[in-house]
Number of protein chains: 2
Amino acid sequence: MNKYGNNSGNAAERLDIHNSEVPEVCAACEARHGGICGALDPQQLLALSKSSSRHRVSSGAELVGDAEAVDHYSNVLSGVVKLTKTLSDGRQQIVGLQFAPDFVGRPFKDESTLNAEAATDVSVCSFPKAALERMIKESAGLEHRLLQQTLKELDEARDWMVTLGRKSAAEKVASLLLLIARNINPYADPESETVEFDLPLTRADIADYLGLTIETVSRQITKLRADGVIDIRNNRHITVPDIARLEVRTGA
Amino acid sequence: MNKYGNNSGNAAERLDIHNSEVPEVCAACEARHGGICGALDPQQLLALSKSSSRHRVSSGAELVGDAEAVDHYSNVLSGVVKLTKTLSDGRQQIVGLQFAPDFVGRPFKDESTLNAEAATDVSVCSFPKAALERMIKESAGLEHRLLQQTLKELDEARDWMVTLGRKSAAEKVASLLLLIARNINPYADPESETVEFDLPLTRADIADYLGLTIETVSRQITKLRADGVIDIRNNRHITVPDIARLEVRTGA
DNA sequence: GGCGGGCTTTGACTTCGATCAACAGGCACT
DNA sequence: AGTGCCTGTTGATCGAAGTCAAAGCCCGCC
């Protein structure tokens, strides 16, 4: 079994013979709508798809190791990837969550400065670092998409800094639930007042994302449930009957 | 007095007549070494400099307001700019510090999502949003520089998330002093073990950057001084006799 | 069905940083 | 010199979140 877990397959095997058309594997791909591949024309898509491949990564498996040489990038197609940093004494902090169709990787650096790990079972489309960097040089649109994605991540990181630095434990937990509710199902009606989803994170993950302990996270979730803001089944399945009530709990 | 404070002057007034040469105002500019203007050739530099102008912004003045329409971008030439976010009830968090020759502004968005304010007296080179965005379309190199700068800021934001989420108050204060020591004087020998600088932030700013109160910041600084890790004169001038000893205090 | 291990919850107690309050130093202005 | 303001320091007390400990729940496995 390779580092991606099981069930890998090379995308190039099933390419359409008409190379002016969108490659079959890319045709219904998340990453072409909102993801970086949306910047590519059919010919470029074909070129990239020749060296790309889809993988399933099982929960807990590592996509990119901290301080490890990076030789490939990925697009998340489904599932959630957590980006973590660890201090020398073992304290850990999740610094970002990547949902479909986000890009995973740090362009223009040979070594990763963080750890990317599957929080749930994940499927990704991976391609060699060199192939993408070559394509960046040829396609201004691709670099533009990368810039847009990076700016989006920077905005999100800065929003989260406010959560980490200035919110109470109760507000932090509410903020996380809201973040997940808004990202986990990209096709949900954003106007709908009731939302339902499976938590992609364990209590330990939540604690690491919020800068809390698992006990504190558990207590705050219990309180939200006791107050009727959320409903929980099997510790993971969450129902938010009224998103606006959850928003109030985030502290703005 | 305009919103930049005093002493503004239009750069185009003193342009060299040989337009294949680097414009005089840009010749010795910080932003051409490491800043985004380094990506421009002399002709492009001339074009941009025609609509750009240098300003002095006095400490405390606002460069960009939150939720305000953005019509210009800037490069920091000297001094320190703080980027802040504020919750509806007034709690504040500094989400980034910009030193020379950093770029200030959020490309491709009409409204700012944060507040940029001069932490010290600052000098900047500003240019219209439209001029830069036009130039981005023409020069792939410029967009590449912007991407590099954005990736750098994202790395910094994520490092800081670890500080906010997982470090003790003592480690936070040490981390901040180290950050400033490393950024305030770009020409200092990075190998030198003793460093000296003026704090560009008030205790309140430090508290807002670290997610603490001013009292806690003050106590931790007092402790570092008592332990001989730093020396302070006039509340602002800091001497670090041995950078390695400060690093140990950051919790790594 | 019963066993075992991982995840989660709950409770008792401790601690770090926040809050409240008083005061000290520096500086501008009268 | 004297006053007032702003920034920073120090002390006393409080409370939110951490730590330590025990028990419950869920699920796979024998």
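In what follows, chains carry the letters A, B, and so on, assigned in the order in which the sequence lines appear, proteins first and then strands, with residues in each chain numbered from 1.
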(message) Just the rounded figure in Å: distance from P of dG8(D) to CZ of Arg225(B).
(response) 12 Å

(request) Counting heavy atoms from C-beta on, name the nucleotide in dT10(D), dG17(C), dT8(C) closest to the side chain of Ser218(B). (result) dT10(D)

(request) Round to the nearest Å and state the distance from Lys172(A) atom NZ to dA16(D) atom P. (result) 15 Å

(request) Indicate, with a heavy-atom threshold strictly under 4.0 Å, whether Arg236(B) touches base, sugar-phosphate, or nothing. (result) sugar-phosphate

(request) Report yes if at least one side-chain N or O of Thr213(A) is closer than 4.0 Å to OP1 or OP2 of dA17(D); otherwise report no. (result) no

(request) Can you check whether any acceptor in the base of dT19(D) is under 3.5 Å from a donor in the side chain of Arg219(A), or vice versa? (result) yes

(request) Please tell me which of Asn234(A) and Gly211(A) maps to the more 5' nucleotide of DNA chain D, matching each residue to the nucleotide holding its nearest heavy atom. (result) Gly211(A)

(request) Name the closest nucleotide to the Ser168(A) side chain, picking from dA17(D), dT9(C), dT10(D). (result) dA17(D)

(message) Within the 4.5 Å heavy-atom criterion, are Val124(A) and Tyr73(A) side-chain neighbours or not?
(response) no

(message) Measure CD1/Ile206(B) against P/dG8(D) and give the value in whole Å, please.
(response) 8 Å

(request) Round to the nearest Å and state the distance from Arg203(A) atom CZ to dC26(D) atom C1'. (result) 13 Å

(message) Rounded to whole Å, how long is the line connecting atom CG of Asn235(A) with atom P of dC7(C)?
(response) 12 Å

(message) Counting only heavy atoms not in Lys223(A) (residues, nucleotides, ligands), do more than 12 fall under 6.0 Å from its NZ?
(response) no

(message) Whole angstroms only, please: what is the CD1-C1' distance between Ile214(B) and dA18(C)?
(response) 12 Å

(request) State which of dT10(D), dT9(D), dT9(C) makes the closest approach to the side chain of Glu215(B). (result) dT10(D)

(message) Nearest to the side chain of Thr202(A), heavy atoms from C-beta on, is which of dA12(D), dT9(C), dT8(C)?
(response) dT8(C)

(request) Quick one: label Leu212(A) by what it contacts on the DNA or RNA (base, sugar-phosphate, nothing), any heavy atom closer than 4.0 Å. (result) sugar-phosphate

(message) Rounded to whole Å, how long is the line connecting atom CZ of Arg91(A) with atom P of dC16(C)?
(response) 13 Å

(request) Let me know which of Lys85(A), Lys82(A), Glu62(A) forms a side chain to side chain donor-acceptor pair (under 3.5 Å) with Asn115(A). (result) Glu62(A)

(message) Measuring only between side-chain heavy atoms, which start at C-beta, is Leu199(A) closer than 4.5 Å to Ile206(A)?
(response) yes

(request) Could you state the atom-to-atom distance from CD of Gln220(B) to C1' of dA18(C) in whole Å? (result) 13 Å

(message) Determine whether a donor-acceptor pair (N or O, by modelled atom type, separation under 3.5 Å) exists between the side chain of Asn235(B) and the backbone of His237(B).
(response) no

